[in-house]
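Encoded as structure tokens, the structure appears first; notes follow it.
Throughout, a chain's letter reflects where its sequence line sits, starting with A, and its residues are numbered from 1.
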There are 2 protein chains.
Amino acid sequence: MVTRLSRWLIAMEQPILTAQGLSMWGYVVLTALDETPLRTQTALARTIGADKTRIIGVLDDLQQRGLIRREPDPADRRVHLLRLTPAGRRLHTKLRRAIRQEEDRLLNRLSVADRQVFLRVLQALDAQS
Amino acid sequence: MVTRLSRWLIAMEQPILTAQGLSMWGYVVLTALDETPLRTQTALARTIGADKTRIIGVLDDLQQRGLIRREPDPADRRVHLLRLTPAGRRLHTKLRRAIRQEEDRLLNRLSVADRQVFLRVLQALDAQS
DNA sequence: ATAGACCGTAAGCGCATGCATATGATTCCC
DNA sequence: GGGAATCATATGCATGCGCTTACGGTCTAT
């Protein structure tokens, strides 16, 4: 069930992201930086459950597209601090809205109450993991 | 969200399955055969969203362990019909119970009502995917 | 009888991922 | 000051997976 559901949900999001030339991980990174606006790469990778070595390419790409900024941390020169640019924030907002719309479309056979419960529980489970 | 949730659910199930020397796909196959007791390999693969070429190893393993049976279909000699053995059914029941228990443990901070809604919605979404 | 489709099987290709190693630079602690 | 740890980076290895191709055998429709 999990496998199928995951794949199905991913298949739902994928076209939205692809249309903006963004990868899943790209979107995940933007989301994480939207939630916590300033982070080191290591912290980000840990938070999003990505391999820190593997997200470097993703970050390079996002940076090159002007969606995030990497700044040296004055307090520790080993560190880059990541933040969203205004363009990154705008794109993220747009994508999130589009994905929410698509989710709504897929959930619209549920009652409003059920839907709210489901999303709330998902959020709670996500927060706990 | 999807990625992390999937990973979390998988991380929950994995130790239970590993303890019985079963893979995720192994468990998925047992579940599918429990639900529909007699199926061709192609139908099974389609149902569980697996690649028909990739599940052959899984089926080989399950068969070797006496958990499933492959029988020629008298109506079509190209086809193997798959079914659970009693041992397969017993193992599946045991694993399903253990996984349910673990889910309950993880969901136990939710109200009973919320939990029921959540699982019901998950099921509905799965059915629609 | 023949052509095309299907079944199960084996294997190839490319990609993603988890994990590990190594590097240079930097920081922290003794 | 020196050693160990940490950061970001690059890269290797093994594995899994989606997709594809090919094969021998079988089935269906013409």
Side-chain angles (χ1 to χ4, degrees), chain A residues 2-15 17-18 22-29 32-33 38-64 68-83 129, chain B residues 2-11 13-15 17-18 21-29 32-33 38-64 68-83 129:
Chain A
V2 170
T3 308
R4 267 206 338 255
L5 202 46
S6 304
R7 217 185 297 186
W8 177 71
L9 289 170
I10 288 166
M12 176 203 75
E13 292 187 5
Q14 194 68 56
L17 301 179
T18 303
L22 205 60
S23 65
M24 277 288 309
W25 281 121
Y27 178 66
V28 171
V29 167
L33 289 178
L38 195 61
R39 2 192 12 148
T40 66
Q41 289 180 210
T42 304
L44 176 79
R46 199 184 309 118
T47 298
I48 68 177
D51 184 297
K52 71 181 180 186
T53 66
R54 297 286 182 218
I55 64 166
I56 288 167
V58 176
L59 297 177
D60 288 345
D61 182 61
L62 293 177
Q63 178 175 16
Q64 208 213 357
I68 64 169
R69 247 191 355 254
R70 275 185 187 146
E71 299 161 347
D73 179 357
D76 183 344
R77 287 192 292 173
R78 296 173 296 187
V79 167
H80 293 171
L81 295 175
L82 306 172
R83 78 175 79 224
S129 67
Chain B
V2 171
T3 308
R4 287 211 340 249
L5 202 48
S6 306
R7 223 189 289 190
W8 172 79
L9 288 169
I10 289 166
E13 292 186 5
Q14 193 66 56
L17 300 179
T18 304
L22 204 60
S23 66
M24 277 289 308
W25 281 120
Y27 178 66
V28 171
V29 166
L33 288 178
L38 193 62
R39 357 189 21 145
T40 66
Q41 289 180 211
T42 305
L44 177 78
R46 198 182 311 118
T47 299
I48 68 177
D51 185 295
K52 72 177 181 186
T53 66
R54 295 282 182 222
I55 65 165
I56 289 167
V58 176
L59 297 178
D60 288 345
D61 182 61
L62 293 177
Q63 178 174 16
Q64 208 212 358
I68 65 168
R69 254 203 334 262
R70 276 184 185 143
E71 299 161 351
D73 180 357
D76 184 344
R77 286 192 293 172
R78 298 174 295 186
V79 167
H80 293 170
L81 294 174
L82 304 172
R83 77 174 78 223
S129 66

message: Please report the distance, rounded to the nearest Å, between CZ in A/Arg39 and C1' in D/dA8.
response: 17 Å
- request: Please tell me which of the listed nucleotides, D/dT11, C/dA10, C/dT17, lies nearest to the side chain of B/Asp60?
  value: C/dA10
message: Could you check whether any side-chain N or O of B/Arg39 sits under 3.5 Å from a backbone N or O of B/Thr47, counting only pairs where one atom can act as donor and the other as acceptor?
response: no
- request: Output all residues satisfying side-chain contact (heavy atoms from CB on, under 4.5 Å) with A/Arg77, sequence neighbours left out; order by chain, then residue number.
  value: none
task: Start with the C-alpha distance between A/Asp60 and A/Gln64, add both sets of side-chain angles, then the distance that settles side chain to side chain contact (heavy atoms under 4.5 Å, CB included), and finish with yes or no.
output: CA-CA 6 Å; A/Asp60 288 345; A/Gln64 208 213 357; over 6 Å; no
Closest-nucleotide 5' rank along DNA chain D - winner of A/Leu59 and B/Pro74: A/Leu59
- request: Give the nucleotide from the list C/dT26, C/dT9, D/dT9 with an atom nearest to the side chain of A/Asp76.
  value: C/dT26
task: Look at the side-chain N and O atoms of B/Arg70 and state whether any lies under 4.0 Å from the OP1 or OP2 oxygen of C/dT9.
output: yes
field: Atom-pair distance (CG on B/Leu44; P on C/dC6), nearest Å
entry: 19 Å
field: B/Trp25 side-chain N/O to D/dC17 phosphate OP1/OP2 under 4.0 Å
entry: yes
- prompt: Is the base of D/dG12 touched by the side chain of A/Arg54 through a donor-acceptor pair closer than 3.5 angstrom?
  reply: yes
message: Using a distance-only criterion (donor-acceptor N/O pair, under 3.5 Å, no hydrogens), is the base of D/dA8 paired with the side chain of A/Thr40?
response: no
message: How many whole angstroms separate atom CG of B/Leu81 from atom C1' of D/dT26?
response: 15 Å
message: Tell me whether the side-chain N or O atoms of A/Thr42 pair up with the base of D/dT6 as donor and acceptor below 3.5 Å, since no angle test is needed here.
response: no
- prompt: In whole Å, what is the span from the NE2 atom of A/His80 to the C1' atom of D/dT9?
  reply: 9 Å
- request: Rounded to the nearest angstrom, tell me the gap between atom CD1 in A/Ile55 and atom P in D/dT11.
  value: 17 Å
message: Expressed as a whole number of angstroms, how long is the span from A/Lys52:NZ to D/dT9:C1'?
response: 10 Å
- line: Looking only at heavy atoms, the pair that brings A/Ala50 and A/Ile55 closest together is CB-CG2, 3.2 Å
- request: Would you indicate which nucleotide in C/dC19, D/dT26, C/dA10 comes nearest to any side-chain atom of A/Thr53?
  value: C/dC19
- line: A/Ile56 CD1 to D/dT11 C1', in whole Å, measures 11 Å
query: C/dA20 C1' sits how many Å from A/Asp51 CG, rounded?
result: 10 Å
task: Measure from the side-chain heavy atoms of B/Gln41 and tell me the nearest of D/dC13, C/dT9, D/dA10.
output: C/dT9
query: Less than 3.5 Å between a donor and an acceptor, one on the side chain of A/Arg78 and one on the base of D/dT6, is that the case here?
result: yes
query: Does some side-chain heavy atom of B/Thr40 sit less than 4.5 Å from a side-chain heavy atom of B/Leu81?
result: yes
